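Quick note: residue numbers are just sequence positions, from 1. If you're wondering where the values come from, they're calculated on a predicted model, not measured in any experiment.
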Amino acid sequence: MSTAPEASPLGKAVAYAEHYDPALLFPIPRQGKRDEIGIAEAELPFVGEDIWNAYELSWLDLRGKPVVALAHFIVPAVSPNLIESKSLKLYLNSFNQTRLAGVDELVATLTRDLSAAAGAPVLVQVAPLSTRPQRPMGYPKGILLDGLEIDVDLYTPEPALLSADTSRAPVTEMLYSHLLKSNCLVTGQPDWAMLVVRYTGAPIDREGLLRYIISFRQHNEFHEQCVERVFVDILRQCQPSALSVFARYTRRGGLDINPYRRTPGMPVPAPFAEIRQ
C-alpha cells in the first residue's frame, strides 16, 4: 500500500465504517519531509511530541447504550510515521456501533492500533463525559507579536526573514503569535494555529519572526511538518542555545493537533487549550 499523502483518504468521498476497523488508519513516513529541511534520520535536532485531542469519540456498552468521551493521544516525534488526520477520524468513528466492555478495553485497543500505525508507543487517555472532564484554557506567559506594525509581502516560508542580534547579551524569552496559517498538504484547506517560540540566545528580531510566521500563509504542509520546519529554520538562522517551538492548531473534523519540538532540557509546553480550540 502506498503511504504517499495523496493516497490517503484526504479530499476523497469515503463511506463511514459502521464497526471497528483498524485498517482505516493511514500512516505517513516522517522522513520524506525531514529530508527536505536537512534533518538526518539518525540525528534529530529535537525531542518532542504531537498532542492530539479528540472530541467526537463514542462507542456502545455491552447493552447497546452509547457512551461519549474525550480522548487525548500523544505521539512521540521519534516515531517513524505520523498518522493522517482524516484516517484517524474515520478510525475513531468506526467505534460508533462497536460494543465494548468499558473504557479499559477501548484504551487498550486504541493504544495497540495507534502505536502500530505510528511505529512507536502512543499514549492514550479516554475520559467519558460522565466523569466531567475539564480542559484549562489560557494564553502563553510571553510577548504577543501580533500588534507589531509591519509590511508583509511574502506568503511562502522564507528563512532569511529570521535573524538575531549577536551584539547583544543573550536573553530567555517567549514570543507568540495567533497569525500562523498553513494549508493541508493534500486538500489545500486552511489550518489555523497559535505558534509559541521559547528560546535562550541572542535576541531574535521580532518583526522578522512575525513576518516569517505569516510567510506560511500559502504553504501546504501537515501540522507536524510545519512545526519542524519552523524549529529548524530558527535554529539555523538565529542559533539559540535552547529552543522550543509549539503550535496549537484549531479543531478540524473533531480533532486538534498540537505538535511541539524542543532542544533537550527545554520545558514541556503548558497543558492549556488555545481559545479557538
Side-chain angles (χ1 to χ4, degrees), residues 1-14 25-39 41 44-46 48-53 75 77 79-90 117-118 145-146 152-162 176-197 208-237 245-261 274 276-277:
M1 181 184 72
S2 173
T3 55
E6 58 271 15
S8 77
L10 274 174
K12 302 180 179 69
V14 180
L25 290 169
F26 191 89
I28 296 176
R30 297 183 189 269
Q31 194 55 44
K33 278 290 180 177
R34 288 175 174 174
D35 289 340
E36 286 187 15
I37 56 176
I39 297 178
E41 186 170 4
L44 296 183
F46 48 67
E49 299 167 330
D50 305 328
I51 303 169
W52 297 64
N53 295 295
V75 183
S79 65
N81 304 319
L82 58 85
I83 301 172
E84 190 277 311
S85 60
K86 184 175 180 180
S87 80
L88 180 55
K89 176 185 177 182
L90 294 170
L145 300 177
D146 299 351
V152 181
D153 57 9
L154 287 174
Y155 300 103
T156 55
E158 179 48 74
L161 293 169
L162 296 165
Y176 72 101
S177 172
H178 298 289
L179 303 186
L180 178 61
K181 172 193 167 289
S182 54
N183 302 316
C184 173
L185 180 63
V186 176
T187 66
Q189 292 296 306
D191 295 318
W192 309 89
M194 174 181 71
L195 185 75
V196 183
V197 176
L209 177 59
L210 183 58
R211 289 190 179 95
Y212 171 77
I213 292 168
I214 294 171
S215 76
F216 278 75
R217 198 166 180 84
Q218 293 182 324
H219 181 63
N220 293 354
E221 214 164 35
F222 291 138
H223 304 21
E224 302 93 331
Q225 297 162 347
C226 286
V227 169
E228 292 187 0
R229 186 177 295 273
V230 172
F231 182 96
V232 167
D233 285 347
I234 293 176
L235 196 65
R236 289 175 179 160
Q237 296 293 120
V245 176
F246 182 37
R248 283 201 171 276
Y249 277 88
T250 59
R251 189 183 314 185
R252 193 203 291 182
L255 297 166
D256 67 47
I257 308 173
N258 309 273
Y260 74 82
R261 303 291 184 266
E274 203 258 354
R276 292 177 293 174
Q277 294 180 316

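- Side-chain atoms of Ser87 come within 3.5 Å of backbone atoms of Glu84 as a donor-acceptor pair (strictly under, hydrogens ignored).
- Judged as a side chain to side chain contact (heavy atoms under 4.5 Å, CB included), and not counting sequence neighbours, the contacts of Pro157 are Ser215, Phe216, His219, Arg229.
- Proximity of a side-chain donor or acceptor of Arg276 to a complementary backbone N or O of Arg248 within less than 3.5 Å is not detected.
- Here Leu179 contributes atom CG and Met194 contributes atom CE; the two are 12.0 Å apart, rounded to the nearest 0.5 Å.
- The backbone N or O of Arg217 lies less than 3.5 Å from a partner atom in the side chain of Lys181, making a donor-acceptor pair.
- The distance from the CD1 atom of Ile28 to the CG atom of Asn81 is 9.0 Å, given to the nearest 0.5 Å.
- A salt bridge does not link Glu224 to Arg30: none of the charged nitrogens lies less than 4.0 Å from a carboxylate oxygen.
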Discussion item. Does Ser182 form a side chain to side chain contact (heavy atoms under 4.5 Å, CB included) with Gln225? I'd like the steps, not just the answer.
Written reply: CA-CA 11 Å; Ser182 54; Gln225 297 162 347; over 6 Å; no
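- Across every non-hydrogen atom of Gln189 and Arg252, the tightest pair is O-NH2, 3.4 Å.
- Residues Ala77 and Phe46 come closest through the heavy atom pair CB-CE1, 4.4 Å.
- The two atoms that bring Pro27 and Ala117 nearest to each other are CB-O, 3.2 Å, heavy atoms only.
- Interatomic distance, Glu158 CD to Ile214 CD1, rounded to the nearest 0.5 Å: 14.5 Å.
- Within the model, atoms CD1 of Ile39 and NZ of Lys33 stand 12.0 Å from one another, a figure rounded to the nearest 0.5 Å.
- In this structure, Tyr176 has no side chain to side chain donor-acceptor pair (under 3.5 Å) partners at least two apart in sequence or on a different chain.
- Between Asn183 and Gly188, the shortest heavy-atom contact is CB-O, 3.6 Å.
- Applying the salt bridge (charged side-chain N to carboxylate O under 4.0 Å, His left out) test to Glu49 and every residue at least two apart in sequence or in another chain returns nothing.
- Here CG of Leu209 is found 7.5 Å from CG of Leu195. Values are rounded to the nearest 0.5 Å.
- Using a 4.5 Å heavy-atom cutoff, the side chains of Gln31 and Asp35 are in contact.
- Across all their heavy atoms, Arg261 and Glu228 have their closest contact at NE-OE2, 2.9 Å.
- Note: Leu90 CG to Phe26 CZ = 12.0 Å, rounded to the nearest 0.5 Å.
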Item to complete: Decide side chain to side chain contact (heavy atoms under 4.5 Å, CB included) for Asn258 and Gln277; before the verdict, give the C-alpha distance in whole Å, the side-chain angles of both, and the deciding distance to 0.1 Å.
Response: CA-CA 11 Å; Asn258 309 273; Gln277 294 180 316; 2.6 Å; yes
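- Considering all non-hydrogen atoms of both residues, Ser177 and Ile213 come closest at CB-CD1, 4.0 Å.
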Worksheet item: What's the verdict on side chain to side chain contact (heavy atoms under 4.5 Å, CB included) for Phe222 and Asp191, showing C-alpha distance, side-chain angles and the deciding distance?
Response: CA-CA 9 Å; Phe222 291 138; Asp191 295 318; over 6 Å; no
Practice prompt. Start with the C-alpha distance between Thr250 and Asp256, add both sets of side-chain angles, then the distance that settles side chain to side chain contact (heavy atoms under 4.5 Å, CB included), and finish with yes or no.
Written response: CA-CA 6 Å; Thr250 59; Asp256 67 47; over 6 Å; no
